[in-house]
2 protein chains.
Amino acid sequence: MGRAALNGFMGDPAEAGAAIFLGDCTEVIARNIPAQYVNMIVTSPPYADQRSGNYGGIHPDRYVEWFLPKARAFKDCLAPDGSFVLNIKEKAVGGEKHPYVYDLVLALRREQDWRLVDEYCWHKRNCYPGKWPNRFRDSWERLYHFALSPKFKMRQEEVMVPMGDWREKRLASLSDTDMLRDESRHGNGFGKRVENWVGRDMAYPTNVLHMATECGHKGHPAAFPKALPEWFIRLFTDEGDTVLDPFAGSGTTLIAAIGLGRKAIGIDTQAEYCEAMRSAVRALS
Amino acid sequence: MGRAALNGFMGDPAEAGAAIFLGDCTEVIARNIPAQYVNMIVTSPPYADQRSGNYGGIHPDRYVEWFLPKARAFKDCLAPDGSFVLNIKEKAVGGEKHPYVYDLVLALRREQDWRLVDEYCWHKRNCYPGKWPNRFRDSWERLYHFALSPKFKMRQEEVMVPMGDWREKRLASLSDTDMLRDESRHGNGFGKRVENWVGRDMAYPTNVLHMATECGHKGHPAAFPKALPEWFIRLFTDEGDTVLDPFAGSGTTLIAAIGLGRKAIGIDTQAEYCEAMRSAVRALS
DNA sequence: CTGCACTATGAATCGCTAA
DNA sequence: GTTAGCGATTCATAGTGCA
């Protein structure tokens with residue numbers, strides 16, 4: 001392979017390009033994953049004080065100190081042009097949104113030099129029902145895109161979306177002015193040039209993602225929908241690259257990665273989840 | 001009135017319940033607005049380093065120190081059960097999203113005891129075009145809801161929306177332009193007035209708002225769509241209450257407030273904008 | 001008053017070049 | 001070195017005018 005091998009990778013051929021480790025991700029990464037081995041990290045860590053039945057729950061006030069050593073390990077095993085996508089959302093405590101997510105992001109920037117490239121908004125079309133006197137249902141989550149350098153791998157063409165219907169009417173009959181670059185009232189060089197869009201039916205997406213949550217999950221309590229890691233994996237990796245989910249849970253990220261022809265590494269502290277992941281991955285082949 | 005009067009309020013009867021002040025909001029509030037006089041503050045301040053042609057531009061690194069004294073004044077003039085809605089979004093600097101918004105929110109919490117109740121997501125359906133190697137178009141902005149106490153005024157029924165499938169069916173039978181005209185006549189895409197939908201199934205909204213920015217703005221560089229302040233004014237005030245916009249700009253908030261039977265106070269540092277607001281408010285009566 | 005065509009523009013960002 | 005200016009790139013919507 002010409003580079004350091006992953007300890008224990010491909011231990012089970014039936015696992016079709018997936019390695020699954022039981023344990024705390026900080027230690028597993030230190031022991032088993034060579035430096036700069038991973039092309040991308042996508043994960044949805046346990047949120048503060050949530051899922052206490054499964055993970056014991058991290059108190060919001062301690063979340064940052066709990067997370068930082070793990071992020072340090074992520075940095076060690078991530079390739080220089082790799083990306084780290086973090087799905088997280090704060091919860092309400094005492095009628096307020098707790099600021100631990102903000103504290104975490106600022107700490108990652110200032111203490112570990114992660115570059116905060118963008119904050120994607122995942123709009124959950126079918127969010128959890130409920131009613132409270134002081135707030136509405138929380139219908140969106142954050143997906144932070146961190147990188148280690150200004151130039152990271154990004155394949156924008158892989159996630160293009162159909163253009164709006166406006167173009168059909170508009171481009172069917174191009175007016176004279178549409179054929180010219182319109183520089184009017186923009187000193188900044190921006191001018192519409194509708195002509196550019198002839199023959200084009202796809203547009204680049206925005207940083208707002210509309211996806212429904214998957215209901216009826218058995219086993220793991222709070223997985224994101226498979227389409228979510230899929231989208232970022234296509235955007236930030238090539239085929240054959242390696243994707244890591246250090247809080248793999250039910251294994252959604254691994255399934256998505258393998259389905260897209262990437263290699264996958266999953267880590268979880270719970271033996272049941274590791275077992276479930278193994279079964280799910282095996283079922284793919 | 002049984003409470004302190006606003007200095008200079010109603011100076012011009014033609015202004016129909018609106019007071020417009022020229023100056024820095026910190027000073028205007030101290031001089032002209034009694035303590036706890038205002039029921040709600042909705043505003044979209046100049047973003048860091050933007051609009052240098054109009055407002056001089058505040059450097060991102062200095063934004064927090066620029067904003068905090070103003071927020072202190074807001075606190076002084078806001079009623080104990082009032083709300084403060086802040087529309088803001090960070091910008092990209094050197095390939096990263098600058099963290100000044102996070103710094104500001106944390107400072108408001110920790111230095112001034114503002115309660116961060118929720119962060120609404122405004123999804124801008126028609127965001128600015130553009131293509132860059134490292135990011136997609138930014139299609140959402142933040143709307144922070146701050147309060148001074150756990151029990152604030154909130155009228156959730158006023159912003160209920162018709163439930164999905166019925167609304168789509170009805171609008172599908174109208175032509176596209178019909179629908180557009182219908183929506184714009186009623187001012188927003190949310191709900192129009194609840195009375196119009198009696199007998200229909202209504203649902204509470206979520207904290208994600210889908211609204212297009214208004215095109216064809218002249219004069220002021222960055223007004224949010226009128227439907228945005230309208231929505232929050234209906235949610236957090238009653239008729240006859242007083243709404244303050246300390247960075248009033250083109251006066252969108254005032255127009256929205258007056259149209260909903262609220263009193264309005266606008267402050268801006270630019271004489272032109274104050275004049276434009278006066279004209280716009282006069283045109284309402 | 002409706003339907004259709006056409007126009008204008010909105011809180012943008014990166015990278016290069018010149019000073 | 002550092003900064004300021006300008007070109008290039010890009011969609012979706014509201015508004016206006018006209019038949």
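Within every chain, numbering begins at 1; the chains are lettered A, B, ... in the order of the sequence lines, protein sequences first and strands thereafter.
Between E96(B) and R109(A) a salt bridge is recorded (basic side-chain N to carboxylate O distance below 4.0 Å). Ion pair E119(A)/R135(B) not flagged as a salt bridge, since none of the NZ, NE, NH1 or NH2 atoms sits closer than 4.0 Å to an Asp/Glu carboxylate oxygen.
The separation between Y128(B) atom OH and dA8(D) atom P is 15 Å, rounded to whole Å. Whole-Å rounding puts the L228(B) CG to dA14(D) C1' distance at 17 Å. Look at CE on M163(A): it is 12 Å from P on dT13(D), rounded to the nearest Å. Nucleotide dC11(D) holds its P atom 15 Å from the NE2 atom of H123(B), rounded to whole Å. As rounded to whole Å, 15 Å separates atom P of dT9(D) from atom CE of M160(A). In this structure, M211(B) atom CE and dA14(D) atom C1' are separated by 15 Å, rounded to whole Å.
Residues P69(B) and T26(B) share a closest heavy-atom pair of O-CG2, 4.0 Å. Across T252(B) and P229(B), no two heavy atoms sit closer than the pair CG2-CG, 4.2 Å.
Ring geometry for Y120(B) versus H145(B): interplanar angle of 30 to 60°, hence tilted. Relative orientation of the Y100(A) and H98(A) rings is tilted, given thresholds of 30° and 60° on the angle between their planes. Classified by interplanar angle (parallel below 30°, tilted 30° to 60°, perpendicular above 60°), the ring pair Y144(B)/Y102(A) is perpendicular.
Stem regions for DNA chain C, each three or more consecutive Watson-Crick or G-U pairs with both distances under 3.5 Å and listed by first number, read C:2-10 with D:11-19, C:12-19 with D:2-9.
Listed pair N134(B) / dT13(C) fails the phosphate criterion, with no side-chain N or O lying under 4.0 Å from OP1 or OP2. The shortest distance between the side-chain N/O atoms of R125(B) and the OP1/OP2 oxygens of dA12(D) is not below 4.0 Å. In this model, the phosphate group of dA12(C) is not approached by any side-chain N or O of K89(B) to a distance below 4.0 Å at OP1 or OP2. A sub-4.0 Å separation between OP1 or OP2 of dC14(C) and a side-chain N or O of R135(B) is present.
Ranked by how close their nearest DNA chain C nucleotide is to the 5' end, V93(B) and C127(B) are led by C127(B). In this structure, N126(B) and K131(B) both approach DNA chain D, and ranking their closest nucleotides by distance from the 5' end singles out K131(B). Between K124(B) and P133(B), the residue whose closest nucleotide on DNA chain C is further toward the 5' end is K124(B).
For dA12(D), the base has no donor-acceptor partner in the side chain of T213(B) [N/O atoms by modelled type, under 3.5 angstrom].
For W132(B), counting side-chain heavy atoms from C-beta on, the closest listed nucleotide (dA11(C), dC11(D), dT13(C)) is dT13(C). Side chain of A92(B), nearest nucleotide from dG10(C), dT13(D), dC14(C): dC14(C). Candidate nucleotides dA11(C), dG15(C), dT13(D) were compared by shortest atom distance to the side chain of A212(B), and dT13(D) ranks first. Of the listed nucleotides (dA12(C), dC14(C), dA11(C)), dA11(C) has the atom at the smallest distance from the side chain of Y47(B). Closest to the side chain of K151(A), from the set dA12(C), dG15(C), dA14(D), is dG15(C). Here the nucleotide nearest the side chain of K97(B), chosen from dA12(C), dC11(D), dT13(C), is dT13(C).
When the P atom is used for both dA8(D) and dA11(C), the distance is 24 Å, rounded to whole Å.
Y47(B) has its ring centre no less than 6.0 Å from the ring centre of W66(B).
Partner of D138(B) under the side chain to side chain donor-acceptor pair (under 3.5 Å) criterion, out of K91(B), K97(B), K124(B): K97(B) alone.
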With 3.5 Å as the limit, what N/O pairs link the protein to nucleotides 17-19 of chain C?
none

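Between the side chains of T43(A) and N87(A), no donor N or O sits under 3.5 Å from an acceptor N or O.
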